[in-house]
S.K.: 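Submitted below is the structure of interest, expressed as structure tokens.
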Amino acid sequence: MKVHLVDGTYELFRHYFAAPKQQNSQGQEVGATISLIRSLAKMLREEGATHVGCAFDHVIESFRNDLFYGYKTGEGVDQALLSQFELAEDAARALGLVVWPGVKFEADDLLASAALLYSQDDEVEQILLCSPDKDLAQCVRRERIVCLDRRRGTILDEEGVREKFGVGPESIPDFLALMGDSADGIPGIPRWGQKSAATVLSRYRHLEEIPDDPHQWDVKVRGAAALADNLAAQRQDALLYKKLATLRTDAPIQESLQDLHWKGARRHAMETLLQDLQSPRIQDLIPRWQRDE
């Protein structure tokens, strides 16, 4: 069997900026949630998903905000989008999916923890991390744990990670620490970019192994002296950034593999939700209902 682990936060953001805006009778923006339901129903109806878990950032903060003041928060996010966070979780539950709402941990940590847990089961053929988020590339293991971009229909396995980023999955946190990640508020080390980080890490794998003295580097990098000086001066910062970029795999995932088996949508919950969303026709897109609903 294949296990689909969905980045619900990414999906909600994607649909918010791509789908038509729509308000319910209370004036709340609900267009992204409606589009999310359509997308998840399509995954269940047409994309062969049988075992599914969906992780959300219940709040846009986590333990990382205690480690670094500049780490991302919900500041600047449209209120019309923020107001749909819990609504999106309710929609996924009404569809009958297992939902993990992140508070202490981020959605990516929950997905990384779930991927590690379920990949240890011999019944599982493949784990599909349904997101193009580069942070999740560190979870990829050969062709057993891969990233699936549902919008483009592309899969990123271990070879694909190396081709795309220039480093293997194990070096992704180091890669993001050096070059920075503006989406997460990680500033990176000055003058380090994607090319220089990939070139050096393809040789040394982890920033702890990069010599302070550029004369000891046995790879050629433009501006090596300045890069080395900046890293030596800010190595402790770089290690903190790496910690921020490293996904946790110890988040409390309680559900068994059998719990992830999709048995159908919850009729009463879905009908109530769609009434609030004023989109009853979406019921026609749902391929199966739970027998006890």
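The figures that follow rest on heavy atoms only: side chains count, while hydrogens, waters and symmetry mates do not.
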S.K.: Is there a continuous path of hydrophobic side-chain contacts, each under 4.5 Å between heavy atoms, that joins Leu12 to Val6?
M.R.: no

S.K.: May I ask you to test the Leu277-Asn24 pair for a side-chain heavy-atom distance under 4.5 Å?
M.R.: no

S.K.: Decide yes or no for Val140 and Cys147: does some side-chain heavy atom of the first lie under 4.5 Å from some side-chain heavy atom of the second?
M.R.: yes

S.K.: Considering residues at least two apart in sequence or located in another chain, which fulfil the side chain to side chain donor-acceptor pair (under 3.5 Å) criterion with His15?
M.R.: Glu11, Ser35

S.K.: Return each pair, listed once, that meets salt bridge (Lys or Arg N to Asp or Glu O under 4.0 Å) where at least one residue sits in residues 124-137; pairs must be two or more places apart or across chains.
M.R.: Lys134-Asp181

S.K.: Would you say Leu260 ends up clustered with Val146 if hydrophobic residues are merged whenever their side chains have heavy atoms under 4.5 Å apart, either directly or through other cluster members?
M.R.: no

S.K.: For Asp218, enumerate each residue passing the side-chain contact (heavy atoms from CB on, under 4.5 Å) test, keeping only those at least two apart in sequence or located in another chain.
M.R.: Arg203, Tyr204

S.K.: How far apart are the closest heavy atoms of Pro214 and Ala228, and which atoms are they?
M.R.: CD-CB, 3.6 Å

S.K.: I need the Met43 CE to Trp262 CH2 distance, nearest 0.5 Å.
M.R.: 9.5 Å

S.K.: Treating Ile, Leu, Val, Met, Phe, Trp and Tyr as nodes and any side-chain heavy-atom pair under 4.5 angstrom as an edge, say whether Leu207 and Val221 lie in one connected cluster.
M.R.: yes

S.K.: Quick one: which residue pairs count as a salt bridge (Lys or Arg N to Asp or Glu O under 4.0 Å) with a foot in residues 223-244, not counting sequence neighbours?
M.R.: Asp174-Lys242, Glu208-Lys242, Asp212-Arg235

S.K.: Mind checking whether His261 and His51 have parallel, tilted or perpendicular rings, split at 30° and 60°?
M.R.: parallel

S.K.: Side chain of Gln84, backbone of Thr33: donor and acceptor closer than 3.5 Å?
M.R.: yes

S.K.: Let me have the donor-acceptor pairs involving side chains of residues 194-201, under 3.5 Å, with sequence neighbours excluded, atom names and distances please.
M.R.:
{"residue": "Ser196", "atom": "OG", "partner": "Gly193", "partner atom": "N", "Å": "2.9"}
{"residue": "Ser196", "atom": "OG", "partner": "Gly193", "partner atom": "O", "Å": "3.2"}
{"residue": "Thr199", "atom": "OG1", "partner": "Lys195", "partner atom": "O", "Å": "2.8"}

S.K.: Just do the side-chain contact (heavy atoms from CB on, under 4.5 Å) check on Leu87 and Gln28 with the steps written out, would you?
M.R.: CA-CA 11 Å; Leu87 194 60; Gln28 180 184 2; 4.0 Å; yes

S.K.: State which residues pass side-chain contact (heavy atoms from CB on, under 4.5 Å) with Glu170; sequence neighbours excluded, sorted by chain then number.
M.R.: Arg162, Arg205, His206

S.K.: Indicate the atoms forming the closest heavy-atom contact of Val161 with Gly168, along with that distance.
M.R.: CG1-C, 4.1 Å

S.K.: Please name the pair of heavy atoms, one in Ile34 and one in Ser279, separated by the smallest distance, quoted to 0.1 Å.
M.R.: CD1-OG, 3.1 Å

S.K.: Any side-chain heavy-atom pair from Leu95 and Ile286 closer than 4.5 angstrom?
M.R.: yes

S.K.: Test of understanding: with side-chain contact (heavy atoms from CB on, under 4.5 Å), list the residues that count as partners of Gln236, not counting sequence neighbours.
M.R.: Leu239

S.K.: Taking the side chain as everything from C-beta on, heavy atoms only, tell me whether Leu97 gets closer than 4.5 Å to Leu44.
M.R.: yes

S.K.: Mind checking what makes side chain to side chain donor-acceptor pair (under 3.5 Å) contact with Trp192, not counting sequence neighbours?
M.R.: none

S.K.: Near Lys220 NZ, under 6.0 Å, is it more than 12 heavy atoms from other residues, nucleotides or ligands?
M.R.: no

S.K.: What residues, two or more places apart in sequence or in another chain, satisfy ring-ring contact (aromatic ring centres under 6.0 Å, His included) together with Phe105?
M.R.: none

S.K.: Is Phe17 reachable from Tyr10 through a run of hydrophobic residues whose side-chain heavy atoms are each under 4.5 Å from the next?
M.R.: no

S.K.: For residues 67-82, tabulate all N or O donor-acceptor pairs below 3.5 Å that involve a side-chain atom, not counting sequence neighbours.
M.R.:
{"residue": "Tyr71", "atom": "OH", "partner": "Glu106", "partner atom": "OE1", "Å": "3.4"}
{"residue": "Tyr71", "atom": "OH", "partner": "Glu106", "partner atom": "OE2", "Å": "2.8"}
{"residue": "Lys72", "atom": "NZ", "partner": "Glu106", "partner atom": "OE1", "Å": "3.2"}
{"residue": "Lys72", "atom": "NZ", "partner": "Asp184", "partner atom": "OD1", "Å": "3.2"}
{"residue": "Thr73", "atom": "OG1", "partner": "Glu75", "partner atom": "N", "Å": "3.2"}
{"residue": "Asp78", "atom": "OD2", "partner": "Tyr16", "partner atom": "OH", "Å": "3.3"}

S.K.: Determine which pairs satisfy salt bridge (Lys or Arg N to Asp or Glu O under 4.0 Å) with at least one residue from residues 29-51, sequence neighbours left out, and list them in order.
M.R.: Lys42-Glu46, Lys42-Glu47, Glu47-Arg150

S.K.: Would you say Asp276 and Val30 make side-chain contact, with heavy atoms under 4.5 Å?
M.R.: no

S.K.: Are Leu247 and Leu111 co-members of a hydrophobic cluster defined by side-chain heavy atoms under 4.5 Å apart?
M.R.: yes

S.K.: Is the backbone N or O of Trp289 less than 3.5 Å from a side-chain atom of Arg267, with the two atoms forming a donor-acceptor pair by type?
M.R.: no

S.K.: If you apply the rule side-chain contact (heavy atoms from CB on, under 4.5 Å), what do you find for Tyr118 with Glu255, and how did you get there?
M.R.: CA-CA 10 Å; Tyr118 300 125; Glu255 289 77 9; 3.8 Å; yes

S.K.: Identify, with sequence neighbours excluded, every residue that meets side chain to side chain donor-acceptor pair (under 3.5 Å) alongside Arg152.
M.R.: Asp149

